[in-house]
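Each ligand, and each atom within it, is numbered from 1 in the order the structure gives.
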Amino acid sequence: MNKKGTIVMKFGGTSVQDSGSIRNVINIVRNTSGSKVVVVSAISRATTTLEIIARAAAAKDVKEAEKQLEEIINRHHVIINELVKESSLKAAAAEKIINYHRQIAELIKGLSIINELSLRILDAFRVFGELMSSNVIYYAMLNEGLEVELINSQDVIKTNNDFSRAYPNFELSQIKADRIVKPLLEKNKIVLAQGFMGSTEDGIPTTMGRESSDFSAAIYGSLTDADEIQIWTDVDGVLTCDPNIIPDALKLTEISFREMEELSNFGAKVLHKNSVKPALKKDIPIKILNSKNTASTGTTVNS
Ligand code: ADP
Ligand code: ASP
Ligand code: MG
C-alpha cells in the first residue's frame, strides 16, 4: 500500500470493557504518532452473550434471549452516557445502538420461528458485538476530537463461507483495502475497524473464530504493509506460561515468529493462532502490550 509508518493497534475485549477502559484506549491512540489503523473487539462477554441469545432464540426461549439482549444493549448505552458528552454525537451514538437492538430483536423473532441454529445464523448474531463496540468507540473518539473514520470490516475482509471459522481471501481483501482504507490513511485519518468479522464475496457476515480479532489486526497489518502490529491486552506481554496456571510466570522481551506460532497453536490465548502467518509473510513485528500498564515495554514477536 506504500503508506509508510502505519501502525495497527488492536484492543481486546478487556481493553474496551467499560467507559474507563475506553477512555484509556483513546489516550493510547492519541499518544501514538503516525498513521493508525485501530482494530477493536466487542466489549468483554458480548460475543458469548450473543451466542447465548442465539441459542435461547433457537430453543424458542425468547424471554431469556430478550433479557440477555437488554443487558448487553444497556452496557453500551451506559458507556455512551459516560463518554459521549456532545449532544448531537450522543444522540447519533444512541441511535446506532437502538438500531442494532432492533435488528437483533428481529433476528431473535425469526430464529424462534425457524427453530434451528446454523453456523451462518450464529455469525449473523456474533458480528453485532464488534459493530456495537466500534460505534461506541467511534463516537467517544469524535467527542475527544480525534480525526477518525469508522469502516465496516465486512466491506474489507473478504472471506470464504466457512462460517464461524472463515478464512480471508487476501487478494480480494487487498483490492478492498486499497479502495477503502488507503485513501483514509492518506488523508491522515485514524481508521477504526472491527476485529473478528468479515463477509463472503456475496456480503454475508462471517467470523473467523473466537478470539480472532488478533488475526484481524495481522490481516490489516498485511493489507496496509504496516510497520508494526500492536496487540493491546491485559497482560504485560507473552509470558513463559499461562498466568492463570502459573501466577508468577516471567515475561519474554522477544520471541520469534516460529516460537510464537507454536505457543499459540498449543493454546496460549494471548495471541490467536492465525495471527503470525500474515505478519511473518511481510516481516511485520507484532508487539504484545498491556493497555492497563503502558509503562511496560511488552513482548516483540519478530524474525
Ligand atoms: P484480549 O481480550 O485482549 O484478546 P485475551 O484474554 O484473549 O485478551 O488474552 C490475554 C490473556 O491470555 C491473558 O490475560 C492471559 O490470561 C492469557 N494467556 C494464556 N497464556 C498466556 C501466555 N503464555 N502469556 C500471556 N498471556 C497468556
Ligand atoms: N469478540 C470476539 C470473541 O470474543 C473476538 C475477539 O475478541 O477476539 O471471541
Ligand atoms: Mg483475545
Side-chain angles (χ1 to χ4, degrees), residues 8-18 21-22 24-25 28 38-54 72 75-76 119 122-134 136-137 153 157 159 163-166 193-198 205-220 229-255 259-276 286-294 296 298-301:
V8 176
M9 310 174 79
K10 176 260 172 175
F11 295 92
T14 48
S15 297
V16 296
Q17 67 188 350
D18 54 26
S21 310
I22 294 174
N24 188 39
V25 163
I28 293 171
V38 177
V39 175
V40 292
S41 289
I43 64 173
S44 60
R45 300 192 309 281
T47 311
T48 302
T49 305
L50 287 161
E51 290 178 349
I52 292 169
I53 290 169
I72 202 76
R75 278 180 68 201
H76 290 87
L119 293 176
L122 203 48
D123 273 356
F125 274 87
R126 287 182 179 125
V127 294
F128 282 103
E130 270 70 9
L131 286 172
M132 290 197 285
S133 68
S134 61
V136 168
I137 294 164
S153 289
I157 314 285
T159 72
F163 296 101
S164 285
R165 47 171 199 165
Q194 307 81 13
F196 185 43
M197 63 190 230
T206 54
T207 67
M208 299 185 286
R210 291 300 306 268
E211 302 290 343
S212 64
S213 291
D214 303 329
F215 182 33
S216 305
I219 298 167
Y220 275 107
I229 298 158
Q230 299 180 347
I231 305 292
W232 290 87
T233 183
D234 62 351
V235 279
D236 280 349
V238 180
L239 308 171
T240 46
C241 299
D242 183 338
N244 298 302
I245 299 166
I246 314 276
D248 52 0
L250 295 172
K251 193 203 80 172
L252 303 169
T253 309
E254 256 189 317
I255 182 170
E259 287 165 323
M260 187 67 240
E261 196 164 41
E262 209 162 292
L263 270 183
S264 301
N265 278 328
F266 278 108
K269 201 183 166 213
V270 67
L271 191 72
H272 185 271
K273 61 181 171 52
N274 290 349
S275 314
V276 166
I286 302 176
K287 262 200 180 158
I288 315 289
L289 295 154
N290 191 347
S291 67
K292 314 275 184 221
N293 179 20
T294 52
S296 170
T299 299
T300 304
V301 188

Nearest heavy atom to [atom]: which of [options] does it belong to?
{"atom": "atom 1 (N) of ligand 2", "options": "His272, Glu130, Met208", "value": "Glu130"}
{"atom": "atom 19 (C) of ligand 1", "options": "Leu271, Ile245, Asp242", "value": "Asp242"}
{"atom": "atom 5 (P) of ligand 1", "options": "Lys10, Arg210, Lys269", "value": "Lys269"}

Specify side chain, backbone, both or neither for Ser212, according to which of its non-hydrogen atoms lie closer than 4.0 Å to ligand 2.
backbone
Test your reading of the structure: does [X] have an N or O sitting under 3.5 Å from an N or O of ligand 1?
{"X": "Leu239", "value": "yes"}
{"X": "Thr233", "value": "yes"}
{"X": "Glu211", "value": "yes"}

Out of curiosity, is [X] lining ligand 1, as in a heavy atom under 4.0 Å away?
{"X": "Gly267", "result": "no"}
{"X": "Cys241", "result": "yes"}
{"X": "Pro243", "result": "yes"}

Thr47-ligand 2 polar pair, N/O distance under 3.5 Å
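Yes: some nitrogen or oxygen of Thr47 is under 3.5 Å from one in ligand 2.
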I want to know if ligand 2 touches Asp214 in the polar sense, i.e. an N/O pair below 3.5 angstrom.
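No - when backbone and side-chain N and O of Asp214 are compared with those of ligand 2, no distance drops under 3.5 Å.
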Tell me whether Glu51 is salt-bridged to Arg126, with the criterion being a basic N under 4.0 Å from an acidic carboxylate O.
yes
So, are Lys269 and Asp242 salt-bridged, with charged N and O less than 4.0 Å apart?
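Salt bridge absent between Lys269 and Asp242.
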Can you tell me the protein heavy atom closest to atom 7 (O) of ligand 2 and the distance?
Ser41 OG, 3.1 Å
If I take every N, O or S atom of Glu211, is at least one of them less than 2.8 Å from the Mg ion (ligand 3)?
yes
Backbone N/O of Ser44 and side chain of Arg75: donor-acceptor pair under 3.5 Å
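Yes, because the side chain of Arg75 sits within donor-acceptor range (under 3.5 Å) of the backbone of Ser44.
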